[in-house]
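Values in this document were obtained by computation on a predicted structure and should not be read as measured data.
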Amino acid sequence: MRHLILFDIDGTLVSGGPAKLAFQEAMMEVYGATGPVGGYVFSGKTDPQIARGLLDATGMDPREIEAGFEALWEAYLGGLAARLGDAPMDLLAGVGELMVTLQTDPDVALGLVTGNILPGARLKLESVGFGVGDDGHFIVGGYGSDHEMRDHLPGIAMERARRHWEVDFSRDRIWVVGDTPLDVQCGLHHGVRTLAVATGNYSVDELEATGAHVVVPDFRDLAQTTEILLNG
C-alpha cells in the first residue's frame, strides 16, 4: 500500500441533502437562535466552527455555546437521519466510478478529511451507498468532532492511517481532495499533495489561486483523475 487519498465530503463527493435544514432546526431547538445563516459561509468549515461562528454573531456567551454542543449534535443527528431517508445526498458526477477504481486498487488507502462530525459524515455517505469505518469505503478520517480547526484534521487522519495499515505513507503520495480553499490550505499545512475540484462553490480559477497542486472541474474524466492521484 503506497497511496493515501483523503476526501472531503460536501461539494466534493456529494451535494444537496437536508443537512443545513437539520442543523438550523437543531440550533433553534437547543439555543433558540440560528444566527445569520443566510449570509454565513459554510464551505470548508467544521460543524463546531459553523455553530460557534453563527452563535457568536448573536452575542451569545461562549460558555453557553460550548455547554450546548452535546445537545446540539444529538438533535442535529436525529434530524439528519430522519430527513435523509426521503432526501438523500446527491452523488456528484464521476464519484461512483472513481471510488470503485480506487477501492479495488491494492496500493490505495482511502480516508476522509471533513468538517462533518463523524456520525454526520457516516449518515451522509451511507445515504449514497458509501460506508465509513472498518468495513466501509473510507476506513479512517479526520472529522469536525476531532478538532474544530480544519488544519488539524489531515494530521489526525494520517496518524490513524499509519496505525491502521502499519504504513508510513510518504507525504508526496498523500492527497487531500476537496472543493474549497480551506481544503487546500489544510493539505498544504501538512506538506501533502492537494487536488481541488470545482464542484462546490468555487471556480477553477478561484481554486488555482489557492496554490493547489492540481485543480480539475469535476471527476467525470476517470482516467485523468486516477492518473493524477496515482502518478501525479
Side-chain angles (χ1 to χ4, degrees), residues 4-14 17-31 34-35 37 40-56 60 62-84 89 109-128 130-164 176-180 182-183 185-187 189-190 192 200:
L4 174 62
I5 306 174
L6 303 170
F7 284 91
D8 171 54
I9 296 178
D10 298 287
T12 300
L13 300 177
V14 298
K20 190 171 182 178
L21 179 57
F23 200 85
Q24 291 178 59
E25 290 176 343
M27 290 184 68
M28 280 300 299
E29 177 183 332
V30 174
Y31 295 103
T34 65
V37 172
Y40 189 79
V41 178
F42 287 72
S43 298
K45 295 176 181 174
T46 66
D47 286 348
Q49 188 179 18
I50 291 167
R52 196 182 302 278
L54 288 168
L55 294 169
D56 275 344
M60 189 173 294
R63 292 168 295 183
E64 183 180 353
I65 296 172
E66 190 71 34
F69 271 178
E70 184 175 351
L72 175 64
W73 306 138
E74 183 178 356
Y76 164 60
L77 293 169
L80 180 61
R83 291 180 174 277
L84 277 170
M89 307 298 292
L110 294 179
L112 298 167
V113 166
T114 174
N116 286 278
I117 59 174
L118 173 54
R122 182 176 288 116
L123 286 170
K124 288 182 178 183
L125 290 176
E126 285 177 348
S127 80
V128 294
F130 291 158
V132 176
D134 288 344
D135 299 321
H137 296 72
F138 305 99
I139 294 176
V140 302
Y143 304 93
S145 42
D146 293 316
H147 202 285
E148 192 164 327
M149 302 308 296
R150 195 181 194 98
D151 279 358
H152 290 266
L153 303 186
I156 292 169
M158 289 156 57
E159 176 58 21
R160 286 173 174 162
R162 186 192 67 78
R163 293 200 307 263
H164 180 84
V176 168
V177 183
D179 66 294
T180 77
L182 292 177
D183 294 301
Q185 175 182 300
C186 76
H189 181 75
H190 287 272
V192 303

Worked check of salt bridge (charged side-chain N to carboxylate O under 4.0 Å, His left out) between R63 and E66: CA-CA 5 Å; R63 292 168 295 183; E66 190 71 34; over 6 Å; no
Residues H164, D134; criterion side-chain contact (heavy atoms from CB on, under 4.5 Å); working and verdict: CA-CA 9 Å; H164 180 84; D134 288 344; 4.1 Å; yes
Step-by-step side-chain contact (heavy atoms from CB on, under 4.5 Å) determination, L6 to V192: CA-CA 10 Å; L6 303 170; V192 303; over 6 Å; no
From CA spacing to verdict: side-chain contact (heavy atoms from CB on, under 4.5 Å), T46, L153: CA-CA 10 Å; T46 66; L153 303 186; 4.3 Å; yes
Stepwise side-chain contact (heavy atoms from CB on, under 4.5 Å) check, V14 with I9: CA-CA 6 Å; V14 298; I9 296 178; 3.6 Å; yes
Working for salt bridge (charged side-chain N to carboxylate O under 4.0 Å, His left out), residues R160 and D146: CA-CA 12 Å; R160 286 173 174 162; D146 293 316; 2.8 Å; yes
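Between W73 and F69, the ring planes are tilted. Angles from 30° to 60° get that label. Ring pair H147/H152 is parallel by interplanar angle, where below 30° counts as parallel and above 60° as perpendicular.
The minimum heavy-atom distance between E64 and Y31, with the atom names listed, is O-CE2, 3.6 Å. Heavy atoms only, all atoms of each residue included: L77 and L123 are closest at O-CD1, 3.9 Å. L13 and F138 get closest at one heavy-atom pair: CD1-CZ, 3.7 Å. Closest non-hydrogen pair, F130 versus H137, comes out as CA-ND1, 3.5 Å. In terms of heavy atoms, K20 sits closest to V37 at CE-CG1, 3.7 Å. Across all their heavy atoms, A157 and V140 have their closest contact at O-CG2, 4.1 Å.
Pairs engaging residues 68-84 under the salt bridge (Lys or Arg N to Asp or Glu O under 4.0 Å) rule: E25-R83 [sequence neighbours left out].
In this structure a side-chain-to-backbone donor-acceptor pair under 3.5 Å is present from R150 to G44. Checking side-chain atoms of T12 against main-chain N and O of D179 turns up a donor-acceptor pair under 3.5 Å. For the pair S127 (side chain) and M89 (backbone), a donor-acceptor distance under 3.5 Å is present.
Here the side chains of D10 and K124 are in contact, with some heavy-atom distance below 4.5 Å. Counting heavy atoms from C-beta on, the side chains of T114 and Y143 come closer than 4.5 Å.
In this structure, the separation between CG on N116 and CG on L80 is 8.5 Å, given to the nearest 0.5 Å. How far CD of Q185 is from NE2 of H190: 10.0 Å, rounded to the nearest 0.5 Å. Between atom CG of residue D47 and atom CZ of residue R52 there is a gap of 12.5 Å, rounded to the nearest 0.5 Å. The CG atom of L54 sits 5.0 Å away from the CZ atom of F42 when rounded to the nearest 0.5 Å.
No more than 12 heavy atoms of other residues, nucleotides or ligands shown are found within 6.0 angstrom of CE on M149.
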